[in-house]
Amino acid sequence: MELTIFGKPCEMAEGGSVGQWLKDNAPEDFKKYLAVELADGTVQDLFAPISASQAVKPLTFEDEAGRRVFFHSASHLMAMAVKKLFPQAKLAIGPAIENGFYYDFDIDESFSQEDLQKIEKEMLSLAKKSIRPVRSTLARREAIAKMEALGEPYKVELIQDLPEDAELSFYDMGDFVDLCAGPHLPNLSYIKAFKLTQVAGAYWRGSEKNKMLRRIYGTAFPSKDQLAAHLEHIEDMKRRDHNKIGRELEYFTTVDYIGQGLPILMPKGTKVIQILERFVEDEEERRGYLRTKTPLMAKRDLYKISGHWDHYRDGMFIMGDPDDEAAEVFALRPMTCPFQFQVYLNRTRSYRDLPMRLGETSTLFRNESSGEMHGLIRVRQFTISEGHLACTPDQVEEEFRGCVELAQFFLGAVGLGDDVSYRFSKWDENDKEKYIGNPEDWESAQNEMRKILDDIGIDYVEADGEAAFYGPKLDIQIKNVHGKEDTLITVQIDFQLAERFGMVYIDRDGEKKHPVVLHRTSIGCYERTLALLLEKYAGAMPTWLSPTQVRVLTITDRQDAYAKSVEAALRAASLRAECDLRNEKIGFKVREAQMEKIPYMLVMGDREAEEGTVTVRNRKGDNVGTMPLSEAVALIKKANDEKVLD
RNA sequence: GCCAAUAUAGCUCAGUUGGUAGAGCAGCGGUUUCGUAAACCGCAGGUCAAGGGUUCGAGUCCCUUUAUUGGCUCCA
């Protein structure tokens, strides 16, 4: 049998393993190899026999796939420790995740912090025992019997749901056995450093109808240094958390008696959002959008037409008794579409009116479940750069492309262009209740959208069950400092609501036809975008977005009058300037401005006041130079106007 | 909604087995007028998230509620 390892051909006997070969040929560092990737991309145990000639890749912790094996084994190590300390705990599942692993247990009492420490200690002593995971397979009936004998009902359920012909593999680790597809590390002693980071509840099989299990999250590394570096990285990310710096820097706050998901935007947060709104509105006007301003609420009759009443009622704030058919019941709007459609419906439209592009800076209300609110990212009232385009079928591709390009333009301007990923969100054909329309329409809409996406040539992943209830979406996704992904921007194709609302145009041939409607945001939800900008820049907003762009600092109060005149000149140049005239040491004032992430400081003493100059410092601490005031104004104005991402 | 953790001055935090609420920074009033990481003196600031309970006595123990944070589920 001929194998290729590290690109070099080598001979191997039948039943030989890559692990053995490495041990024989590279004994000094063979312990860094965790598993092996076969030519077809599957990963197997390092010491599992190779069945055919092929090129293989031994995986280390540096490889994504290798890391997953490492984390997966670490989750088993944790399950071993838990079973030893809490024999009554039932095992559910324990996969690797992006930066670690978790394992779900069914146990009455939750795990406390002390429990976690005990488990870590037990893991340490188990890891030192040098246990080799041993793989075996069983027939279905025996597998079920084995798991029933061990008293593991969740494992039994998992086996029962696997296909009839699936190979059921088990891993023995000392006196611990688990149903597991593997692969695993050659030896659990490879796991040198780990930390159990938190406990959380998680539904069995991810369904809220099922029992809630206790999940323990952890992370693991081949060395203590790597663990320390990882934990340090997490701390770093937490320091960028918009929820922390956004409150510290007074961008927003919350008040317990106002309620969850209803943040108070302070002057700084409001300023950034205002800058973004003006930027978006002006750019959209340049691109042929017309602006509208529509009501924040409507009678339920409107939502019955749009489908919201049947498909989105739980997400709405309703005023009045929804069960009283005779009463006049209102609801705050969760989406703008049915309102903005009325602009189109106001009179008969011709094909000459299309495409019609409508934009609105639109405030929406969604009654999210109480556990789901998160800083400025997930709130109950928010404002989005909303828009709807009505077009003919042959205009769809160009208009869709225009929406994507506009979104990319804004993302680039604020500096988030490289931080996003694209998701093609489709419906879930097994859950038709959630959607309106028939399967044929969904298929054709999705095929059309896929074709457009491919034509545009963007990289995207497809996701089932993520569509809006009326159509498929292109979602532009971004991750926050905790690694959690959210939708920042969305562009949707809707082949259904136009018909529901009776939106038509008179085509060239004199026939009435329904336009295709695109729903889209251009910079998304302003609150969410602000949150992600705060995290991206750790609060140090680019000059053009900074609530305060320049602060004037005096050495003594002899310069106060000059400082006020400088501030006035800066404001006259449309720069957001303020003075700090307190009798504090200049070093203190500078440091405070830096802590507040103000881009520029103009420092002045007697000399500057006499000469009419200022000494410019930036927030990094660089002294840019002493120059005439007009030069300093030009310098800062340039950064503002060019929207540089300093 | 579910599983957890948390809530003490504007901020960061102390507060012993239940016995009169504390510090630093910020703020305010003076003094000081100083060149890049913190001048000096003084003052004020709290229904310990809210409500109930146990107790002679609760920041501390118990219950309920609210909010914040991390997950699950759901979504811009």
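The shown structure was predicted, so the numbers you read here are calculated from the model rather than taken from an experiment. In what follows, chains carry the letters A, B, and so on, assigned in the order in which the sequence lines appear, proteins first and then strands, with residues in each chain numbered from 1.
Closest contact between the side chain of A:K585 and the listed nucleotides B:U73, B:A4, B:A39 involves B:A39. Taking only side-chain atoms of A:H482, from C-beta outward, the nucleotide of B:C74, B:A4, B:G70 with the closest atom is B:G70. The A:H374 side chain lies nearest to B:G70 when the options are B:G70, B:C2, B:C34. When the nucleotides B:A49, B:U68, B:C3 are ranked by their closest atom to the side chain of A:N243, B:U68 comes out on top. Closest to the side chain of A:M212, from the set B:G71, B:U33, B:G35, is B:G71. For A:A200, taking side-chain heavy atoms from C-beta onward, the closest of the listed nucleotides B:C2, B:G70, B:C75 is B:G70. Nearest to the side-chain atoms of A:D486 among the listed nucleotides B:C75, B:G1, B:G70 stands B:C75.
A:Q594 places its CD atom 12 Å from the P atom of B:A38, with the value rounded to the nearest Å. Nucleotide B:A26 holds its C1' atom 11 Å from the CD atom of A:E250, rounded to whole Å. We find that CD of A:E584 is positioned 7 Å from P of B:A26, with the value rounded to whole Å. Atom pair A:R215:CZ and B:C3:P shows a separation of 15 Å (rounding to whole Å applied). In this structure, A:E592 places its CD atom 13 Å from C1' of B:G10, rounding to the nearest Å. If you take CD of A:E485 and P of B:C74, they are 15 Å apart, rounded to a whole angstrom. Going from atom CZ of A:R247 over to atom P of B:A67 covers 13 Å, rounded to whole Å. Straight-line distance from the CZ atom of A:F588 to the P atom of B:A38: 10 Å, rounded to whole Å.
Using a cut-off of 4.0 Å between Lys/Arg side-chain N and Asp/Glu carboxylate O, A:K564 and A:E567 are scored as salt-bridged. With salt bridges taken as basic N to acidic carboxylate O contacts below 4.0 Å, none links A:R380 and A:E527. Using a 4.0 Å cut-off between charged side-chain N and carboxylate O, A:E360 and A:R333 make a salt bridge. Looking at A:R366 and A:E372, no side-chain N of the basic residue comes within less than 4.0 Å of a carboxylate O on the acidic one, giving no salt bridge. Note on A:R291 versus A:E284: salt bridge recorded, some NZ/NE/NH1/NH2 to OD/OE distance being below 4.0 Å.
In this structure, A:R617 reaches the bases: a heavy-atom distance under 4.0 Å links it to at least one base atom across the strands shown. Residue contacts shown for A:R520 are absent, as no nucleic acid heavy atom lies under 4.0 Å away. When heavy atoms are screened at a 4.0 angstrom cut-off, A:G621 is found touching no nucleic acid atom at all. Among the protein residues, A:R378 comes within range of the nucleic acid bases, having at least one heavy atom under 4.0 Å from a base atom. Residue A:K238 is classed as having no contact, given no heavy-atom separation below 4.0 Å to the nucleic acid. Within 4.0 Å of A:T254, counting heavy atoms only, lie sugar-phosphate atoms of the nucleic acid but no base atom. A:I377 comes within 4.0 angstrom of a base, heavy atoms only. Nucleic acid contact for A:K244: none, since no nucleic acid atom lies under 4.0 Å from a heavy atom of the residue. Counting non-hydrogen atoms under 4.0 angstrom, A:S370 reaches a base of the nucleic acid. Residue A:G315 is out of contact with every strand shown, counting any heavy-atom pair closer than 4.0 Å. Using a 4.0 Å heavy-atom cutoff across all strands shown, A:I384 reaches no nucleic acid atom at all. Residue contacts shown for A:V255 are absent, as no nucleic acid heavy atom lies under 4.0 Å away. If you check every strand for non-hydrogen atoms under 4.0 Å, A:Y217 touches sugar and phosphate atoms only. Across all strands, A:G524 comes closer than 4.0 Å to no nucleic acid atom at all (heavy-atom distances).
Nucleotides B:G15 and B:C75 have their C1' atoms positioned 43 Å apart, rounded to a whole Å. To the nearest whole angstrom, the two P atoms, one in B:G29 and one in B:C34, are 22 Å apart. Only the C1' atoms considered, B:A58 is 15 Å distant from B:C63, to the nearest whole Å. Taking atom C1' on both nucleotides, B:G45 is separated from B:C28 by 10 Å, rounded to a whole Å. Taking atom P on both nucleotides, B:A9 is separated from B:U60 by 15 Å, rounded to a whole Å. Nucleotides B:U47 and B:A39 place their C1' atoms 38 Å apart, quoted to the nearest Å. Comparing B:G35 with B:G59, their P atoms sit 50 Å apart, to the nearest whole Å. To the nearest whole angstrom, the two C1' atoms, one in B:U54 and one in B:C62, are 7 Å apart.
A close approach under 4.0 Å does occur between a side-chain nitrogen or oxygen of A:R558 and OP1 or OP2 of B:C34. OP1 or OP2 of B:G27 sits under 4.0 Å from a side-chain N or O of A:R582. Residue A:N583 has no polar side-chain atom (N or O) positioned under 4.0 Å from OP1 or OP2 of B:A39. Contact check, A:K434 against B:C75: a side-chain N or O comes under 4.0 Å of OP1 or OP2. Applying the 4.0 Å criterion to OP1 and OP2 of B:C74, one finds that A:S369 has every side-chain N and O outside that range. Note on A:Q260: a side-chain N or O is less than 4.0 Å away from OP1 or OP2 of B:U68.
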**OP:** Under the ring-ring contact (aromatic ring centres under 6.0 Å, His included) rule, what do A:F105 and A:Y103 come out as? Steps first, then yes or no, please.
**Re:** CA-CA 7 Å; A:F105 305 95; A:Y103 211 111; 5.1 Å; yes
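The cationic atom of A:R214 (NZ for Lys, CZ for Arg) does not lie both less than 6.0 Å from the six-membered ring centre of A:F111 and within 45° of the ring axis.
One N or O donor and one acceptor, one from the side chain of A:Y203 and one from the base of B:G1, sit under 3.5 Å apart. Applying the 3.5 Å distance criterion, the base of B:G35 shares a donor-acceptor pair with the side chain of A:E608.
Of the candidates A:E535, A:R247, A:K536, A:E535 is the only one forming a side chain to side chain donor-acceptor pair (under 3.5 Å) with A:H242. Screening A:R240, A:K597, A:M541 for a side chain to side chain contact (heavy atoms under 4.5 Å, CB included) involving A:L534 leaves a single residue, A:M541.
The distance from atom CD of A:E248 to atom OG1 of A:T253, rounded to the nearest 0.5 Å, is 12.0 Å.
The nearest heavy atom of RNA chain B to A:R205 and to A:G375 marks one nucleotide each, and the one closer to the 5' end goes with A:G375. Of the two residues contacting RNA chain B, namely A:D108 and A:M604, the nearest-nucleotide position lying further toward the 5' end is that of A:D108.
Across all strands shown, B:U36 has no partner, as no Watson-Crick or G-U wobble contact with both distances under 3.5 Å is found. The pairing partner recorded for B:C2 is B:G71, the criterion being a Watson-Crick or G-U wobble arrangement whose two distances lie under 3.5 angstrom. With both pairing distances under 3.5 Å, B:G29 is matched to B:C41 as a Watson-Crick or G-U wobble pair.
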